[in-house]
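To start, the structure under review is shown below, and the notes come after it.
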Amino acid sequence: MAKYEQDVKDLLRLIGGKENIHAVSHCMTRMRFVLADQKKADAKAIEQLSCVKGTFTQAGQYQVIIGNDVSTFYNEFTSYAGIEGVSKEAAKQAAKTNQNVIQRIMSNLGEIFAPIIPALICGGLILGFRNIIGEINFFDGGTKSLADISQFWAGLYSFLWLIGEAVFHLLPVGIVWSITKKMGTTQILGIILGLTLVSPQLLNGFSVAATAPEDIPVWDFGFAQVQMIGYQGQVIAAIMAGFVLVYLEKFFRKHCPAVVSMIVVPFCSLVPAVIIAHTIVGPIGWRIGTVIGDLVYTGLTSSFRLIFAAIFGFLYAPIVMTGLHHMTNAIDSQLVSLYESTNLWPMIALSNIAQGSAVLAMILLQKKNERAQQINVPACISCYLGVTEPALFGVNLKYVFPLVCGMIGSAVSAVVCTGFGVQAVSIGVGGLPGILSIVPEYWGIFLICMAVAVVIPFVLTYLTGKRKLSKTDLLGETAETAAEEVRESEEAEAPAQVSERIAGAGALRAILTGRVLPIEEVPDDVFSQKVMGDGIGFEPENNTVYAPADAQVTVVMEDSKHACGLALENGMELLIHVGIDTVDMGGDGFQLFVRAGDKVKCGDPLISFDPEKIAAAGHPKTTVFLVTDEGDAKNIRFRSGIQAEAGKTEVVYFE
């Protein structure tokens, strides 16, 4: 008789039957279902099953928490149900069928931009700093910038463009590379395709709008001419080109004989992709930009300018995400040339502020999430200095609601700004410093507009975030104040008391070097709520997990390699789980040193991992160390808020 025969039968019935299951997989502790209709799953009844420790839904997957024995349960379930299990990645892709079109687009955009967010943040801060030293005229009666009066600052202003250009002008290279990485095709081909979009042989994409059509260089093939236009800073064209390359490579790899695939597949994928990018994808992108530019100019000069201001203020941030916002520079420049001022640029500066204010609210909401703050804080600073890409792609798009709240604040402030006829005498200075480009007589009203752009997004984001953000989103790594309190309480104990506490007790040693977290602060609700058992977390400073005691390996994740289970002689069972949601990485960056059934000594290596790959995949590296079954042990106590050394520091005591 199977171990979980009755529970398997009950779960299949309660989850809606075989016909309600699109896909099923498992990780170290959970069954992961992709259901046709999640409403058919009776969560309350499922949680009453003896083997089930809880249920929840995440990213389109209905997850049932089983525990260390999940692999056995999974095998019995798939066998009884007559369902073939799938890989974690396949389940993840199938889960997207439970998302609407907007959710799928946002999810895919997030996965594409996650690896390049650090570069966007760095570039944003650099361009913001360049705005301050080279674009704002602080001196000589408002006629000269810091770079104008100092050779040092002029040199620094010029030098920093080396990095700024690499990040934003060459952004298509990073985008196409990220797409090939996400889709599992040849990354170097993606890099080459991206480089062809920004080649110095082409007319710089930022100069196209201001260049007369007859002055644009062309490739002349006799029967046809193709404009030699670059796509610096463009997002839509790069994404479309990237997917063209991906699907061409997949097609030729599928149909090409293996013996010649090394020659045929790269050539037949890359060359057509480059041709399509410059003859179809690129022109479509520029056409979209031209239409948007014409609409903006018409809106600015119509009797419906307040309605236009609301629409433009609301949609400007999404336009930035497409890279099409550069078309507004040509419109602004034309208005300044004709009328010596523009009422478009003030709305752009206010949109920068509004998106930055949404991030400011996220900083307050996630004040205990150190990992999130590493992105939030520089993104907010960059946004307030006029460069919004780090905030948009790194924070607001990830959670969506901050983006929308920022768009609402931007729309309201744009209406006020346009209604009072605020004008700017120049462009290029955005965010909070943008007031320096405003005609002085409008400074008072623009300050009010800035206040609107700060308050409305901040309040809306904060209130919405209090309801929508999960504990995992709000918390992260250890709150330093809590760690200090624990450390102070331990240091306050007399040496004799410490000795008495340890004497005669068994102990488990640290599995990693790094700070030890209370289990409640692990950024995963299943672990932090002790569904699987009590324990601690580690913020690792090394990359190898070691055995905490002499034990037998009971289970390992052979495919994802990110977790293992141990059993001690006293019956105590332990679970070690490296990173949060790292099962999605499919073993990339992990190495197992043990197999199920192996006996290990305290200090033996169990798992190694690559922290940079975990970070690049967008997962916390927080490692969980749980006691899932006490066995014969009693009075188990956990130490947290300390700095531990792998294999030496005692972190768990028991009798």
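In this chain, numbering begins with 1 at the start of the sequence shown. Below, all heavy atoms of this structure are taken into account, side chains as well, without hydrogens, waters or symmetry copies.
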Open item on the list: How close do Pro402 and Ala358 get, counting heavy atoms only, and between which atoms?
Closed with: O-CB, 3.4 Å
Open item on the list: Just checking Tyr442 against Phe446, ring centres under 6.0 Å apart?
Closed with: no
Task: Where Ala277 and Leu197 come nearest, the two heavy atoms and their spacing - done: CB-CD2, 3.9 Å
Task: Listed partners of Asp148 passing side chain to side chain donor-acceptor pair (under 3.5 Å), at least two apart - done: Ser145
TODO: Check whether any side-chain N or O of Ser178 sits under 3.5 Å from a backbone N or O of Gly174 as a donor-acceptor pair, and report yes or no.
DONE: no
- [ ] For Phe527, check ring-ring contact (aromatic ring centres under 6.0 Å, His included) against everything at least two apart and list the hits.
- [x] His577
TODO: Verify, without hydrogens or angle tests, whether Ser528 (side chain) and Asp524 (backbone) share a donor-acceptor contact under 3.5 angstrom.
DONE: yes
Task: Rounded distance (nearest 0.5 Å) linking atom CD1 of Ile381 with atom CD1 of Ile363 - done: 7.5 Å
Open item on the list: Could you check whether any side-chain heavy atom of Phe308 comes within less than 4.5 Å of a side-chain heavy atom of Met347, counting everything from C-beta outward?
Closed with: yes
Open item on the list: Could you tell me if the side chain of Tyr384 sits less than 4.5 Å from the side chain of Gln355, heavy atoms only?
Closed with: no
Open item on the list: Would you say that Leu350 contacts Tyr316 through its side chain, given a criterion of any heavy-atom pair below 4.5 Å between the two side chains?
Closed with: no
TODO: Say whether Glu539 and Thr622, considering side chains only, have a donor N or O and an acceptor N or O under 3.5 Å apart.
DONE: yes
Open item on the list: Is it true that, when you exclude Phe401 itself, more than 12 heavy atoms of the residues, nucleotides or ligands shown sit nearer than 6.0 Å to its CZ?
Closed with: yes
Open item on the list: Going by salt bridge (charged side-chain N to carboxylate O under 4.0 Å, His left out), name the residues that satisfy it together with Asp140, two or more places apart in sequence or in a different chain.
Closed with: Lys144
- [ ] Can you see which heavy atom on Trp443 is nearest to which on Ile438, and at what distance?
- [x] NE1-O, 2.9 Å
Task: Heavy-atom closest pair, residues Val452 and Pro457 - done: O-CD, 3.6 Å
TODO: Before giving the answer on side chain to side chain contact (heavy atoms under 4.5 Å, CB included), spell out for Thr196 and His278 the whole-Å C-alpha distance, their side-chain angles and the decisive distance to 0.1 Å.
DONE: CA-CA 9 Å; Thr196 69; His278 286 278; 4.0 Å; yes
Which atom pairs, one a donor and one an acceptor, fall under 3.5 Å between side chains of residues 405-418 and the rest of the protein, sequence neighbours left out?
| unit_1 | atom_1 | unit_2 | atom_2 | d |
| --- | --- | --- | --- | --- |
| Ser410 | OG | Gly313 | O | 2.6 |
| Ser413 | OG | Gly409 | O | 3.1 |
| Ser413 | OG | Ser410 | O | 3.0 |
| Thr418 | OG1 | Ala414 | O | 3.0 |

Open item on the list: Contact between Leu460 and Val404 at the side-chain level, heavy atoms closer than 4.5 Å - yes or no?
Closed with: no
TODO: For the pair Thr464 (side chain) and Thr461 (backbone), establish whether a donor and an acceptor sit closer than 3.5 Å, ignoring hydrogens and angles.
DONE: no
Open item on the list: Less than 4.5 Å apart, side chain to side chain, heavy atoms only: is that true for Val176 and Ile191?
Closed with: no
Task: Gap separating the CG atom of Asn352 from the OG atom of Ser382, nearest 0.5 angstrom - done: 9.0 Å
- [ ] Determine, step by step, whether Ile179 and Val246 satisfy the side chain to side chain contact (heavy atoms under 4.5 Å, CB included) criterion, reporting the C-alpha distance in whole Å, the side-chain angles of both residues, the deciding distance to 0.1 Å, and the verdict.
- [x] CA-CA 8 Å; Ile179 290 172; Val246 162; 3.8 Å; yes
- [ ] Apply salt bridge (charged side-chain N to carboxylate O under 4.0 Å, His left out) to Glu520 and list each qualifying residue two or more places apart in sequence or on a separate chain.
- [x] Lys530
Open item on the list: Main chain of Leu146, side chain of Ser150: is a donor-acceptor contact present, judged purely on distance under 3.5 Å?
Closed with: no
Open item on the list: Please determine whether side chain to side chain contact (heavy atoms under 4.5 Å, CB included) holds for the pair Leu193 and Trp177, giving the CA-CA distance in whole Å, both sets of side-chain angles, and the decisive distance to 0.1 Å.
Closed with: CA-CA 9 Å; Leu193 173 59; Trp177 160 77; over 6 Å; no
Open item on the list: What I'd like to find out is whether the side chain of Tyr231 reaches to under 4.5 Å of the side chain of Val198, using heavy atoms alone.
Closed with: no
Open item on the list: Using only atom types and a distance under 3.5 Å, with no angle test, would you say the side chain of Gln232 pairs donor to acceptor with the backbone of Asn204?
Closed with: no
- [ ] Would you please test Val439 and Gln423 for side chain to side chain contact (heavy atoms under 4.5 Å, CB included) and show each step?
- [x] CA-CA 6 Å; Val439 175; Gln423 301 284 326; 3.8 Å; yes
Open item on the list: Measuring from atom CH2 of Trp153 to atom CG of Leu160, what distance do you get when rounded to the nearest 0.5 angstrom?
Closed with: 9.5 Å
Open item on the list: Donor-acceptor check, side chain of His169 to backbone of Gly205, threshold 3.5 angstrom: yes or no?
Closed with: no
TODO: Can you measure from CD1 (Ile311) to CG (Leu306) and round to the nearest 0.5 angstrom?
DONE: 11.0 Å
Open item on the list: Counting C-beta onward and ignoring hydrogens, is there a side-chain heavy-atom pair between Met228 and Leu203 closer than 4.5 Å?
Closed with: no
TODO: Drop me the distance from Ile435's CD1 to Cys449's SG, to the nearest 0.5 angstrom.
DONE: 10.0 Å
Open item on the list: Looking at every non-hydrogen atom in both residues, tell me the closest pair between Met362 and Gln373 and how far apart they are.
Closed with: O-OE1, 4.4 Å
Open item on the list: Please find the pair of heavy atoms, one from Cys380 and one from Val359, that lie closest to each other, and give the distance.
Closed with: CB-CG1, 3.8 Å
Open item on the list: With a 6.0 Å cut-off (strictly less than), is the heavy-atom count around CZ of Phe304, excluding the residue itself, greater than 12?
Closed with: no
Open item on the list: So Lys367 and Leu474, do their side chains get closer than 4.5 Å, heavy atoms only?
Closed with: no
Task: Aromatic plane relationship, Phe458 with Tyr462 - under 30° parallel, 30 to 60° tilted, over 60° perpendicular - done: parallel
Task: Point-to-point distance, once rounded to the nearest 0.5 Å, from NZ of Lys468 to CG of Leu463 - done: 13.5 Å
Task: Tyr399 versus Gln366, side-chain donor and acceptor atoms under 3.5 Å - done: yes
Open item on the list: Donor-acceptor pair, distance only, cut-off 3.5 Å: does the side chain of Asn396 make one with the backbone of Leu403?
Closed with: no
- [ ] Apply side chain to side chain donor-acceptor pair (under 3.5 Å) to Lys613 and list each qualifying residue two or more places apart in sequence or on a separate chain.
- [x] Asp588
